[in-house]
Amino acid sequence: MGQIDITFPDGNVKAFEAGITPAEIAAGISNSLAKKAISANVNGAHWDLQWPITENAAVAINTMKDDEPALELIRHDLAHIMARAVQEIWPDVKVTIGPVIDNGWYYDFDREEPFTPEDLGQIEAKMKEIINRRDPVTTEIWDRDRAVAYYEANGEPYKVELVGMIPEDQPIRMYWHGHWQDLCRGPHLQHTGQVPADAFKLMKVAGAYWRGDSDRPMLQRIYGVAFKTRQELKDYLTFLEEAEKRDHRRLGREMGLFHFEEVAPGSVFWHPHGWQLFQTLIGYMRRRQEAAGYVEVNSPDIMERALWEKSGHWENYRANMFLAQTQDDRDYALKPMNCPGHMLIYGQGVKSYRDLPLKIAEFGKVHRYEPSGALHGLLRVRSFTQDDAHIYCTPDQLTEECLKINDLILSIYSDFGFEDVRIKLSTRPENRIGSDESWDRAEDSLRTALDSAGHDYTIFEGEGAFYGPKLEYVLRDAIGRDWQCGTLQVDFNLPERFGTTYVTQAGAREYPVMLHRALFGSLERFIGILIENFAGKLPFWLAPRQVVVASIVSDADDYVYEVVNALRERGIRAEADIRNEKINYKVREHSVGKVPVILAIGQREVEERTVTVRRLGEKQTKTVTLDEIVADLAVEATPPDLA
RNA sequence: GCCGCAGUAGCUCAGUGGUAGAGCGCACCCUUGGUAAGGGUGAGGUCGGGAGUUCAAUCCUCCCCUGCGGCACCA
């Protein structure tokens with residue numbers, strides 16, 4: 001073998017025999033580095049210490065100080081160690097795949113018996129045992145037939161299938177953790193003892209389809225989380241607890257916003273305070289849309305089958321629709337979308353190119369028979385209110401209209417404090433209507449709009465709606481979670497299906513292009529997101545209960561009402577609390593209820609015509625005059641678009 | 001829809017093959033108290049629904065419904 005040049009991170013270049021491994025290079029540098037090494041970066045690729053380097057390369061040796069490779073390797077090795085532990089305890093369990101995911105890993109198993117929480121404890125103990133054995137991790141490349149024969153002999157059908165999926169030009173790589181072996185592309189650590197034994201935890205077991213396909217067998221997936229240190233693990237578990245405290249289902253109850261019932265799974269019963277918030281959002285959106293040139297309409301909730309056949313929903317969406325049959329045997333459906341209704345409104349009278357773009361908006365309540373397992377609080381429901389609109393325009397206007405919507409969405413999210421927004425572009429799905437040419441045009445126009453707005457986006461092939469491609473707006477909340485909200489879809493199909501046209505300048509009849517868009521997406525979901533993002537502490541203008549005026553002594557009752565009335569006159573949502581309770585009690589109760597401002601009134605305030613202000617989350621109180629607080633809160637209560 | 005777990009008072013939960021308990025909340029009484037739960041008394045439950053086993057089921061078995069965690073699907 002010849003010589004190769006290895007370039008080190010400090011710029012030094014050194015010649016080695018071709019085929020040298022990073023482990024050998026590390027050993028040549030120092031004994032301690034050889035021990036501490038976990039992997040290497042070779043020309044940017046994450047490289048196992050055992051893999052030979054055969055050409056000139058830039059090489060960096062990684063240790064546990066390098067977060068990214070360290071976490072990747074810890075989690076990946078733990079996946080193997082867990083699978084090994086499971087097979088040591090239950091030798092007949094079949095193994096499948098076990099990738100690294102955010103904060104940890106999972107591994108899917110095929111086993112008759114379900115894993116129990118007690119099993120997880122047993123597995124975890126076995127894993128620690130394996131780590132303490134400090135088993136060497138070794139790798140070799142196998143012949144394809146040998147790998148298949150091996151897995152067939154060992155009763156591992158899933159592995160046989162995985163071997164078959166590896167492209168012909170790629171090696172079949174095996175990894176050994178001691179005596180236990182798994183098909184794996186690597187890289188891995190030097191030995192199991194490099195995994196921190198006190199910084200991982202098995203979290204839960206759940207069902208998962210083999211290869212993510214609902215037609216294939218259901219496996220059992222065990223999830224684990226892992227970090228470099230015990231402290232990081234603890235921090236992560238604390239983070240999960242914090243996230244749980246933000247759960248909108250729990251806060252919704254504590255704040256008295258809404259509830260659900262068994263008789264209406266996935267449908268919200270809005271309580272007065274929740275409905276107040278709902279209406280505040282609609283009021284805001286109504287103003288924004290009106291300013292952007294939209295007109296608002298309302299279309300029927302139940303329409304006959306013939307309409308849904310015409311729109312294509314009967315063919316493509318019926319499984320998700322609530323159907324209604326009348327005594328005289330007529331088929332109706334509750335609308336799952338507003339677009340067909342808007343088509344009929346557009347279709348009234350003759351439209352001219354002068355009428356375009358026509359922007360028809362509706363706060364329409366749609367019903368979708370979502371799979372039972374998908375339901376989740378406000379975030380996934382079966383009946384929800386969209387801030388929906390359809391924009392009819394000429395092909396020439398298309399890109400500009402997309403851009404305007406993009407601007408509007410981002411401006412609106414910003415008003416709620418969401419500045420970090422990602423965009424997903426979903427292209428034509430298998431189940432679809434319309435010609436390939438119209439799909440080409442539709443997808444192109446979305447791309448063009450995004451490109452000219454200079455906004456990054458990710459493409460999701462085959463994820464579009466059945467009538468057109470779509471953009472989806474995903475916003476990141478205060479603790480880094482992503483939520484899908486708004487959507488923008490281009491549709492060349494519905495106007496043709498409904499035969500709706502406009503008269504061009506030249507007097508011809510042409511089909512308009514149609515844009516479907518929702519900015520909040522669903523009011524229900526958006527409210528759920530707001531609650532979680534703000535942990536219930538909504539901005540003052542959104543808070544359904546803005547001010548509670550609480551008496552400290554009953555002699556203050558009259559003045560309490562005077563304060564409440566003064567606030568209400570300025571449109572502030574204020575209520576009195578003159579119950580026979582101590583101020584401590586009232587403060588606690590309204591704090592739990594997430595009321596942003598509590599005004600306490602005792603003898604002193606009555607005499608001085610002041611109020612003592614306590615803001616949610618602040619221990620400090622402040623006494624100001626009645627006039628002052630009314631003026632201040634009136635400013636705070638102003639929605640951002642009117643400020 | 002699929003896998004697993006769960007469903008007992010308004011909420012959070014304990015409990016038992018012989019028809020149930022706590023704390024909070026609620027009602028009433030005492031207390032007028034200065035910023036996250038003052039004290040007392042009391043009311044309140046078809047133990048998710050249906051069938052079965054049993055002398056007897058809230059408890060055991062089966063079916064269904066709903067919820068929770070994932071998967072699949074989606075705003």
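Distance A:F115 CZ to B:C3 C1': 13 Å, rounded to the nearest Å. Distance NZ (A:K586) to P (B:A37): 15 Å, rounded to an integer number of Å. Rounded to a whole Å, the CD atom of A:Q620 is 12 Å from the P atom of B:A36. With rounding to whole Å, A:Y413 atom OH is found 10 Å from B:A75 atom C1'. Note: CG (A:D215) to C1' (B:C71) measures 13 Å, nearest angstrom. One atom, CG of A:L471, and another, P of B:A75, lie 13 Å apart when rounded to the nearest Å. Between the C1' atom of B:G69 and the CG atom of A:D247 lies a distance of 12 Å, rounded to the nearest Å.
Residue-level contact check: A:A518 touches neither bases nor backbone, having no heavy atom under 4.0 Å from any strand. Contacts of A:T487 with the nucleic acid, taken as non-hydrogen atoms under 4.0 Å apart, are absent. Residue contacts for A:G212: at a heavy-atom cut-off of 4.0 Å it reaches the sugar-phosphate backbone alone, with no base atom in range. Looking at heavy-atom distances under 4.0 Å, A:P371 makes contact with a base. Here A:A208 lies in heavy-atom contact (under 4.0 Å) with sugar-phosphate atoms only. Among the protein residues, A:V381 comes within range of the nucleic acid bases, having at least one heavy atom under 4.0 Å from a base atom. Base engagement by A:T612 is indicated by at least one non-hydrogen atom pair under 4.0 Å involving a base atom. The residue A:Q484 sits close only to the backbone: its heavy atoms come under 4.0 Å of sugar-phosphate atoms, none of a base.
At the phosphate of B:G69, OP1 or OP2 sits under 4.0 Å from a side-chain N or O atom of A:H376. Note on A:Y223: a side-chain N or O is less than 4.0 Å away from OP1 or OP2 of B:C71. The side chain of A:K204 contributes no N or O atom lying less than 4.0 Å from OP1 or OP2 of B:C5. Dashed line: the shortest gap from a side-chain N or O of A:R249 to OP1 or OP2 of B:C68 is under 4.0 Å. An OP1 or OP2 oxygen of B:C2 is reached within less than 4.0 angstrom by no side-chain nitrogen or oxygen of A:S214.
For the residue pair A:E532/A:W483, the side-chain donor-acceptor check at 3.5 Å is not satisfied. A:T238 and A:E242 are not linked by any side-chain donor-acceptor pair at a separation below 3.5 angstrom, with hydrogens and angles left out of the test. Checking A:S411 against A:R288 by side-chain atom types alone, a donor-acceptor pair falls below 3.5 Å.
Residue ring and nucleobase are not stacked for A:Y585 and B:G38 under a centre distance beneath 5.5 angstrom and an angle between planes beneath 30°.
Nearest nucleotide to the A:M218 side chain, out of B:A75, B:G34, B:C2: B:C2. Checking B:G34, B:U35, B:G7 against every side-chain atom of A:N584, the shortest atom distance belongs to B:U35. In the set B:A36, B:A75, B:U66, the nucleotide with an atom closest to the side chain of A:K470 is B:A75. Each of B:A36, B:G1, B:A75 was ranked by its minimum atom distance to the side chain of A:R368; first place goes to B:A75. Taking only side-chain atoms of A:Y209, from C-beta outward, the nucleotide of B:G38, B:C2, B:A75 with the closest atom is B:C2. Closest to the A:F384 side chain, of the nucleotides B:G34, B:G69, B:A75, is B:A75.
For B:G34, its base sits under 3.5 Å from the side chain of A:E605 at one donor and acceptor pair at least. Under 3.5 Å, the side chain of A:R216 and the base of B:A72 form no donor-acceptor pair of N or O atoms. Between the base of B:U35 and the side chain of A:T621 there is no donor-acceptor pair shorter than 3.5 Å. The base of B:G70 does not come close enough to the side chain of A:Y106 for any donor and acceptor atom to sit less than 3.5 Å apart. At a cut-off of 3.5 angstrom, the base of B:A75 holds no donor-acceptor pair with the side chain of A:Q489. Taking only distance into account, the side chain of A:R221 never meets the base of B:C71 through a donor-acceptor pair shorter than 3.5 Å.
Look at A:D477 and A:R246 and you find no salt bridge, because none of the NZ, NE, NH1 or NH2 atoms lies under 4.0 Å from a carboxylate O. Remark: A:K404 engages A:E401 in a salt bridge, criterion side-chain N to carboxylate O under 4.0 Å. With salt bridges taken as basic N to acidic carboxylate O contacts below 4.0 Å, none links A:R211 and A:D213. The existence of a salt bridge linking A:R609 and A:E562 is confirmed by a sub-4.0 Å separation between a basic side-chain nitrogen and an acidic carboxylate oxygen. A salt bridge links A:K335 with A:E362: at least one charged nitrogen is closer than 4.0 Å to a carboxylate oxygen. Salt-bridge formation is detected for the pair A:E589/A:R579: a Lys NZ or Arg NE/NH1/NH2 atom is positioned less than 4.0 Å from an Asp or Glu carboxylate oxygen.
Both distances falling under 3.5 Å, in either a Watson-Crick or a G-U wobble arrangement, place B:C24 opposite B:G10.
On the C1' atoms, B:C26 is 16 Å away from B:U12, given to the nearest whole Å. Taking atom C1' on both nucleotides, B:G25 is separated from B:G42 by 14 Å, rounded to a whole Å. Across the C1' atoms, B:C47 and B:G39 are found 32 Å apart, a figure rounded to whole Å. As rounded to the nearest Å, B:A9 and B:G21 have P atoms that lie 14 Å from one another.
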Please list, for nucleotides 8-12 of chain B, all pairs of protein and nucleotide N/O atoms separated by less than 3.5 Å.
{"residue": "B:U12", "atom": "OP1", "partner": "A:R253", "partner atom": "NH2", "Å": "3.4"}

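Between A:H516 and the choices A:H390, A:Q386, A:Q489, the side chain to side chain donor-acceptor pair (under 3.5 Å) rule is met once, by A:H390. Between A:D387 and the choices A:F520, A:Y284, A:F526, the side chain to side chain contact (heavy atoms under 4.5 Å, CB included) rule is met once, by A:F520.
Nearer to the 5' terminus of RNA chain B, by closest-nucleotide assignment, is the contact made by A:Q220 (compared with the other of A:Q220 and A:S554).
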